[in-house]
Every structure is written in C-alpha cells, then in structure tokens.
Amino acid sequence: MSNEERSPLRQRRRVDTDATSDIEQVQEPEVFTSIIPFVADEGKDTIEQGSEHDEPDSDEETVCSICFEPWTTAGSHRVACLACGHLYGKKCIEKWIASAGKNAVCPQCKSKARKQDIRPLFVRNLKALDNTELERTQQTLEKTREELRKTELAHANALALLRTRESEIQKLNTRITLLKESLGRGEGSIEDANNEFDAAKRWDITLERNVEVNKDGGCRLLAYDGQRILVTSQPASQNRLFKGYGIRKICSVTLVPSKFHPLHEKPITDMAFNPEKYDQFLSVSTDKYVKITDMQRNVEVFKVLLDYPLTSAAWCTENSNQFYVGTSLGHISLYDLRKLDKEAVEKITQNEPTITSPVYGLAHVSKAKRSGLLALRLKQFSFYEFQEETKTQCLLSDDDLFNCLSYEPSTHSVLITTKPSSKHPNVRHFVYSPNEDGAPFSPSVTISGSSKMRFLSQSTMFLNPGGKLTVGSSLETANCVALWDCNGGKLSYTLPLRDGACDLLSFYSNNDLFLGAIGEQSLSVFKWHELT
C-alpha cells in the first residue's frame, strides 16, 4: 500500500521522535491506582486494556476516544479517568467538560462529569483483566447456594412431617385395634370406646433443646406467629452501635436463632403477632412508641408516638386491622391500621378519669353472646363488655399486686397471677371460667405457686395434648417450670431450667405441642409426647 493510501488514523498516531524523547525525560512515579483489577507489564511501552488475547495496538484500547490520539504517561495528554472509570487524554476531557459546562457528561456512558472528577493515572503499562465471566459465575454460584439452602430446609421439614405422619399412622392403627377389641366384647358404642381410649392416654413432657439467645442476658418476652417463627425480646449486644432493644427470630423447626433486629430505644413491654396476618408484629415500649413490623421483610409499616410509656397491647380478634394499647397511667385505646392520621379510633377508658394504675395485660374476647376486652391493672382485673355502650365490670380487686394475664381462646378461660406479699407469701394463680349469664367470668380454682418472684415472670394457660386445661408458671425457688392441672389444681409436672423463666409460651410445630421458657440468656424448649 502506498503512502498516499494510508489511513488518516495511522497518520494521526505518529509521534515525533524528538517529542517522544522529551516526554521520556519527565519521569513520573510509578504508582498504581485503585482501579482493580489491573496488572502492570514492564515489557511494553504502550498502554493495553482488555483481555490478554486482545491485540495490544487495538485503536479502541490505546487511544483517547475524543481525539483518537494515543495516550501518554506524562504531559498534557497523559491518561486520566472520570468518576465513572472511563479513560481519556487529560487535556481532551478537560476541554470536553469546559465546553459543556454544567451539562457535561461522560462521552461514553453519559453519566454526569465534573472537572474535579478527573484523576490522572500514574502508570507506564496497563492491562485490564476481563473478569466478566468470573463475576457472572460467582453470581450464579450464590444463587445455587441459596437454592440449595432452601432445598435442604424443605427436605428437613419433609422428613419431620414424614416422621409425624408415620407416628400418627401407628397411633391410629393401635386405636383401631383397641376399638375392634372393645366392640367385639360388646362394651358399648364406638363413641364410648373412643372416649375411653382418650381418657386412657398418658402424656409426658421432656426437654427438647436449650438454645442460647443472648449471652449478654436481658431476654424478657416470647411470641409465636402460629406457623413457624418464635420471637424473643432482648436488648442489643454490648458491642453493637445500636444500644436499644429489639427482637430475635427463632425457627420453631430447627430452633436456630437469626440476627438481632432493633425496634425500640427502651425496653419492650409487650408484643404479639396478628392472629390472621402472621407477618404483622405488634410491639410497645416504655419509649412511648407503638410499632408494627412486617416480619417477612423486616420493615416497619406502622408507628405512632403516644403521650405516656406503654405497658401492654393486644390484637382485636374480630378485626385484623385493629389493636388495643394500654399505658402506664391506665389509659386503653383502640387503633386502626387503615387510619392515615393514626389517631385512636376509640378511647376505652375515657369514662374512667380516676384510674391511673398501669395496664399490665390486655386480651380481646370474642364470643357469640358476649365480647369485650380483658384488662389487668396493678390491683384490679376488669372486663369491658362491648354492647351499644361499653360496659365495665370489675371481676377481681385484691390487696396484692397483680403480675400477668393469660387468656385461653378455645375455652375462654382466664388466668390471673399475683405477686408474693406479706399477707400471701406465695404467688397465687386465679383461674376464671366463662359464664353465659350474669358475670362474664367466675373463679373456678386458685393455685398456690412459688414463694419467690425475682424476674416478675409471666405465667401461661393452655390445653395439653390430652385436652386438659393446664397452668404453667416458674418456680424460682427450685429453678424449674411447674405445670398444674386446672381440674383441682394438682401439680402435674416440674421441668428443670438452665437460667430461670421470664416468660412461658405453648405452641404447635409440625403437629407436635411444645412449651417454650425464655430465660435471661437462653430458651428452653420442652416437647409433649405420648407414653406407649
């Protein structure tokens, strides 16, 4: 090819020998920039960019994309980059930005560019390694690992469900055999034989596992979403920047705690899951905030600041968008998630201005004939019956201080616990049964418990696998959980603990009934099983 036929680009890329020698006399320090990954190659005098199989003198990789002249390692046309990472000759990009003014953008990616963003690169030889495939492979690997984790969890759940089904089949086969024998002897009907079989069942409860929740201590409350998530309240660890209080989720299948999730600046006094929308978590605190958190996304969806510290809360079982809040001054209010102004829908205690005792427990009662709200204060247990006008009935008033309230929804029974006093040196548990007429609840049995209550622990009431109403409470003198049969108040079980029990909770997981006891540092989980 003749000289006349050479391309203009080739002619522009010529570098005068004298100019080149002048440039080489001005040596800049060989400092590598933070642009990663780059590899220096001392065997070449040109700047290469691309994979090691690319042509070293490729026009797109060795010239400024503005003037199409080669980059240099010194002088006014030395290689420089913008904030976006694209490379140009220094004088070319300065002129480009100056001509465009405030509207200057990168010539290649069109991102905003400023003169102060220009950074000279102190290099002699440069090669950019192409790691696109590596990044794509790593992303694929992460997705595969996540899918593997989900598959392993689903497999574990399936195995647990399989064992449960096999156990149920074995129990049903045994039941069928006994029923056939009973009918063969002519001993009554199938219904009588079923009742006899259920009455003859024997159950036991044993420790399933101890789970460390917070080695720094401070755990207080337990809640369950009705499906598979246990939640404990606790302060933040001492080495965290956030010094407030929050929660930690625990899978009820694997009993493995998750990361700490901060919620409040001061201690959480009550918390509960929405009985219909399991992902909505209600919490109140002495920092005066009511918060509802979406537990699926760990996002706050509702927050309101009240005038007084908050001591209790409960969801409305007839409307999943409503909930009740009790304050340290005895006020009880109803709120609705759908109200944009976040004002109280109704002030339940507006006709009781003289009551200033803290509300320690709330429970909404939904019955065919009588529905309302149970409220426990320091020295009074009341029922707010919702009719055309709210009707207040005091069910119990005592000289001793009340500690906690527990409501069993399937039987509509109520448990009230008092603290020890000089008059009554032991904790007392009052069990109330529902009435259709007259007073909504009446006392059925009183149980005497521990003589010590250092933790102000919460008691609970639930139905055991045999269908018997059971009261559970901490015995601090013996460092164990005691279970009483409400039919006569007989002590049925004592369950040893590692570090006491601040709160108790009965829950189902994979068709098995468990009892959780949260201490200052750890969670003890006990499992019911049928004796064979």
Side-chain angles (χ1 to χ4, degrees), residues 9 28-73 77-90 92-94 96-97 100 103-156 240-242 249 251 254 256-262 294-299:
L9 177 62
E28 294 289 340
E30 296 184 7
V31 179
F32 291 96
T33 66
S34 59
I35 300 178
I36 302 294
F38 285 119
V39 178
D41 185 359
E42 298 181 356
K44 300 179 182 178
D45 293 329
T46 59
I47 299 175
E48 298 179 353
Q49 182 180 4
S51 65
E52 59 180 72
H53 296 292
D54 291 343
E55 289 292 334
D57 59 349
S58 174
D59 294 337
E60 295 181 358
E61 298 172 352
T62 59
V63 300
C64 171
S65 60
I66 298 177
C67 68
F68 298 103
E69 290 293 336
W71 292 321
T72 60
T73 57
H77 201 253
R78 67 184 308 160
V79 61
C81 73
L82 293 174
C84 59
H86 289 114
L87 306 178
Y88 304 96
K90 186 173 182 293
C92 292
I93 192 60
E94 287 177 345
W96 177 279
I97 294 176
N103 300 321
V105 295
C106 173
Q108 297 188 49
C109 68
K110 307 304 179 185
S111 61
K112 188 173 181 60
R114 300 175 302 173
K115 186 174 181 180
Q116 54 265 40
D117 294 334
I118 300 174
R119 296 291 184 270
L121 302 182
F122 297 95
V123 294
R124 286 193 62 186
N125 308 295
L126 194 66
K127 179 187 292 184
L129 299 180
D130 186 1
N131 66 339
T132 305
E133 288 299 326
L134 176 61
E135 291 294 326
R136 187 181 296 114
T137 304
Q138 289 178 343
Q139 293 176 3
T140 304
L141 178 61
E142 287 300 321
K143 290 181 180 179
T144 305
R145 286 175 175 171
E146 182 63 27
E147 291 175 358
L148 178 61
R149 284 191 289 267
K150 292 180 179 179
T151 304
E152 289 176 344
L153 180 59
H155 178 64
R240 289 181 176 270
L241 295 177
F242 180 84
K249 293 188 286 187
C251 177
T254 61
V256 176
S258 65
K259 294 181 180 178
F260 174 79
H261 181 67
D294 186 329
M295 298 300 284
Q296 292 274 348
R297 300 175 294 157
N298 289 332
V299 175

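Count residues from 1 along the sequence.
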Among residues at least two apart in sequence or on other chains, which ones pass salt bridge (charged side-chain N to carboxylate O under 4.0 Å, His left out) with Arg119?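 Counting only residues at least two positions away or on another chain, Arg119 forms no salt bridge (charged side-chain N to carboxylate O under 4.0 Å, His left out).
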Report, as yes or no, whether the 6.0 Å neighbourhood of atom NZ on Lys90 holds more than 12 heavy atoms from other residues, nucleotides or ligands. no
If you draw a 6.0 Å radius around CD in Gln296, do more than 12 non-hydrogen atoms from other residues or ligands fall strictly inside?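 No, because the 6.0 Å sphere around CD of Gln296 holds 12 heavy atoms or fewer from other groups.
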Are any side-chain N or O atoms of Ser111 and backbone N or O atoms of Cys106, one a donor and one an acceptor, separated by less than 3.5 Å?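 No, Ser111 side chain to Cys106 backbone: no donor-acceptor pair under 3.5 Å.
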Output yes when Glu152 and Arg149 qualify as a salt bridge under the 4.0 Å nitrogen-oxygen rule, no when they do not.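 Here Glu152 does not pair with Arg149 in a salt bridge, since their nearest N and O are not under 4.0 Å apart.
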In terms of side-chain geometry, is the basic nitrogen of Lys143 or Glu146 positioned less than 4.0 Å from the acidic oxygen of its partner?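 No salt bridge links Lys143 with Glu146.
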Specify the closest pair of heavy atoms between Trp96 and Val105, including all atoms of both residues, with the distance to one decimal.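 Here Trp96 and Val105 meet closest at NE1-O, 3.0 Å.
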Give me the atom names and distance for the closest heavy-atom approach of Ser65 to Gln108.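 Scanning both residues, the minimum pair turns out to be OG-NE2, 3.5 Å.
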Within this structure, what is the [atom1]-[atom2] distance for the pair [X] and [Y], rounded to the nearest 0.5 Å?
X      : Y      : atom1 : atom2 : result
His77  : Ile93  : NE2   : CD1   : 10.5 Å
His155 : Leu148 : NE2   : CG    : 11.5 Å
Gln139 : Leu134 : CD    : CG    : 10.0 Å
Glu135 : Thr140 : CD    : OG1   : 11.0 Å

Do Asp117 and Ile97 make a side-chain contact, defined as non-hydrogen atoms from C-beta onward lying under 4.5 Å apart? no
In the structure I gave you, are the side-chain heavy atoms of Thr72 and Val79 within less than 4.5 Å of one another anywhere? no
Give the C-alpha distance, both sets of side-chain angles, the deciding distance and a yes or no for salt bridge (Lys or Arg N to Asp or Glu O under 4.0 Å) between Glu147 and Lys150. CA-CA 5 Å; Glu147 291 175 358; Lys150 292 180 179 179; over 6 Å; no
Check against side chain to side chain contact (heavy atoms under 4.5 Å, CB included), Lys249 and Asn298: CA-CA 11 Å; Lys249 293 188 286 187; Asn298 289 332; 3.4 Å; yes
